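Notes to accompany the following structure.
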Amino acid sequence: MDAHEQFVAGSSALAAGEWGAARDCFESALSVEESADALDGLALAVWWLNDPGTALELRARVFARLRHDGRDTEATAVAIWLARQYWGLYRRGEMANGWLSRARSLLETLPEDGSLRGWLVLAESEMGRPHPRAANAADRALRIAREHGDRDLEIVALTRRGACTVSAGGIAEGLSDLHEAMTAATSGEGHDVQYVGEALCTLMEVAGLIGDPGMVEPWAKFLVSFRSSYAFGPLLPFETQSATDLISAFCTGCCGGVYLVTGRLDAAEEQLVRAVSQMSKTGLRPRCLHPVADLVALRVLQGRLEEAETLITGFEGDSDCAPSAAAVDLALGRPARAVDRLVAALDALAETPVLTLPARSQLVDAALAAGDAGLAQDAAQRIADLAAATDTPLHRAHRDHAAGKVALARADGEAAGLLRSAALGFAQSGAPLAACRARMDLARSLVGKDRGLAITEARSALQSLDRMGATAEADRAAAFLRGLGVKGRTGPRDGSLLSRREQEVLGLVCEGLSNTEIAERLFISTRTAGHHVSNILTKLGVRSRTEAAAYALLNLPTAQALAHK
């Protein structure tokens, strides 16, 4: 085939979502003759093949070629796309602003800009967090989209306006925009599947903000059922009915955050480590949940505080990371520092109250640890105000938990009722880790009233924490029970509690390897190997490596197999 035929074949493959085939065709066409259109096709193909860095370089070349050919309208569209990608994927404000400035200049020279000004306004609204002014800009973009019949712009502008409105406290209005956008996206009104993905990602982010992850599930199932409406490419690589699997295909960081909230800590670790590694190698910055923040929170749960502190270094100024950084401070006995961090983050989020919940929840703990009951009470009241605005079960559980902790600190008789309500609310909202924390606080509130019930609540929480792999909190629960004169753990636990890495380490323990030898075998630090061994002993409920090896070789086929490799 000649260059034109290769270009036509590449365009057909691109439209069908056959990204690899499209790339090959466009490369063949370019080997014969370079053109702006073939370059652009190649750029879009490699973008969908998860190589955004190369895609941005290619589209910059496309922009220059279009300008050289006098195709300024198309060049303007490319400039706006580049600006959105540099901000959305990399948070590189200088590059994003440079491309926006170039697009503004070109727009002034165009005799007719169609919906391009709407795309420019949308890109401007996306430069920063969702807030009321950004909602106004998105609303302007939406009007331009409808005036010119640009369905893709309408879908993205609706999702942006909805996210901004929700973050400012307008829950019903914002969700209405988001569901309308998803209706348009899933019915096939748009032309570019990229914007279906953006709408889904925004919906997932908002679902997390308001504490209603279940709102994503119907749309995920709809997308799977009606996948013929679009060529979804990498967005739906698996035959699945699971919203979590769908999100996993699109963003490992977002999926890792979901696993963390729902107590699937082994799965969360796998996804978050991968997401942080990708971010480190590529410079990509997630559009929504920050994987560093979530991985730090996970390391604190696992009691791996040195790793957590190393991970958070360089991200302390990011308000997304403030709650996790504060958790490290609290675990290391630095409550005043945690308070300062959280107060600064809350100041930065003043215009977006719905985004403040993680920081305010952590501030209750930090303020109580620092002995500032007034600050803790104020934080709890702000959480109550937010719960009244959103009226979601998860936020009401946070409200009751915060109020219960404040009441417990001042020995108020209402503490137990509030904490019981919080534990139930978290459990019903699919947040088992938070439910365990509330149950432990409930157990503490019951010690002087009903010791037997306190023990029952603590034991139940301990079993769940052990099962999830929340080692540090499980150890604290066990210590609480020992303080009441009862055993925290009663003999060896089920080996299924161990993560895949812990099973590998246990197999090497069975071989008699030391921590240093395990570290060399698995290419990890000796300290990390020691953490794994400590976690294994805790989860199995044994006292020594010898007991762990003996128990594993008798009861755990995985360890037996690993030991005899």
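As the structure is a prediction and not an experimental result, all values here were calculated from the model.
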Is the backbone N or O of [Y] less than 3.5 Å from a side-chain atom of [X], with the two atoms forming a donor-acceptor pair by type?
X    : Y    : answer
R299 : E309 : no
S361 : P358 : no
T159 : T202 : no
S125 : L122 : yes

Open item on the list: Applying side-chain contact (heavy atoms from CB on, under 4.5 Å), can you list everything that pairs with A96, at least two apart in sequence or on another chain?
Closed with: Y86, W87, M127
TODO: Output all residues satisfying side-chain contact (heavy atoms from CB on, under 4.5 Å) with S319, sequence neighbours left out; order by chain, then residue number.
DONE: R129, A345, L349
- [ ] Applying side-chain contact (heavy atoms from CB on, under 4.5 Å), run through L386 and R399 and close with a yes or a no.
- [x] CA-CA 8 Å; L386 177 59; R399 173 201 64 196; over 6 Å; no
Side chains of [X] and [Y], heavy atoms from C-beta outward: is any pair under 4.5 Å?
X    : Y    : value
T471 : R304 : no
P335 : D329 : no
V406 : L418 : no
R334 : V328 : yes
L301 : L433 : yes
R439 : S464 : no
R133 : E351 : yes

Open item on the list: With a sphere of 6.0 Å drawn around CZ of R382, does it hold more than 12 non-hydrogen atoms of other residues, nucleotides or ligands?
Closed with: no
Minimum heavy-atom separation for [X] to [Y], with atom names?
X    : Y    : value
A293 : S324 : O-OG, 2.6 Å
V354 : V166 : CG2-O, 3.0 Å
A43  : L58  : CB-CB, 3.6 Å
A327 : V300 : O-CG1, 4.3 Å
C164 : H131 : CB-O, 3.6 Å
N515 : R545 : OD1-NH1, 2.6 Å

Going from [atom1] on [X] to [atom2] on [Y], what distance comes out if it is rounded to the nearest 0.5 angstrom?
X    : Y    : atom1 : atom2 : result
T352 : L346 : OG1   : CG    : 9.5 Å
E473 : M468 : CD    : CE    : 8.5 Å
D318 : I312 : CG    : CD1   : 8.5 Å
R501 : I524 : CZ    : CD1   : 5.5 Å
R396 : I383 : CZ    : CD1   : 15.0 Å
I171 : T392 : CD1   : OG1   : 8.0 Å

Open item on the list: Taking D441 first and then R444, would you say they form a salt bridge - that is, a charged N and a carboxylate O separated by under 4.0 Å?
Closed with: yes
- [ ] Answer yes or no: is there an ion pair linking R160 with E126, defined by an N-O contact shorter than 4.0 Å?
- [x] no
Open item on the list: Set out, in order, the CA-CA distance, both residues' side-chain angles and the distance that settles side chain to side chain donor-acceptor pair (under 3.5 Å) for Q85 and W47, then state yes or no.
Closed with: CA-CA 10 Å; Q85 296 305 307; W47 188 88; 3.2 Å; yes
Task: Candidate pair L295 and L311, rule side-chain contact (heavy atoms from CB on, under 4.5 Å), full reasoning - done: CA-CA 8 Å; L295 185 55; L311 275 168; 3.8 Å; yes
TODO: Step by step, work out the side-chain contact (heavy atoms from CB on, under 4.5 Å) result for Y90 and L56.
DONE: CA-CA 11 Å; Y90 294 96; L56 267 61; 3.9 Å; yes
TODO: Assign the ring pair F63 / W99 to parallel, tilted or perpendicular, where the plane angle (0 to 90°) is split at 30° and 60°.
DONE: perpendicular
TODO: Check step by step if side chain to side chain donor-acceptor pair (under 3.5 Å) holds for Q377 and Q381.
DONE: CA-CA 6 Å; Q377 176 63 54; Q381 183 56 55; 4.7 Å; no
Task: Option from L506, L508, T528 for which side chain to side chain contact (heavy atoms under 4.5 Å, CB included) with I518 holds - done: L508
TODO: With side-chain contact (heavy atoms from CB on, under 4.5 Å) as the test, would you mind laying out the steps for H401 and L419 before giving the verdict?
DONE: CA-CA 5 Å; H401 196 197; L419 294 167; 3.6 Å; yes
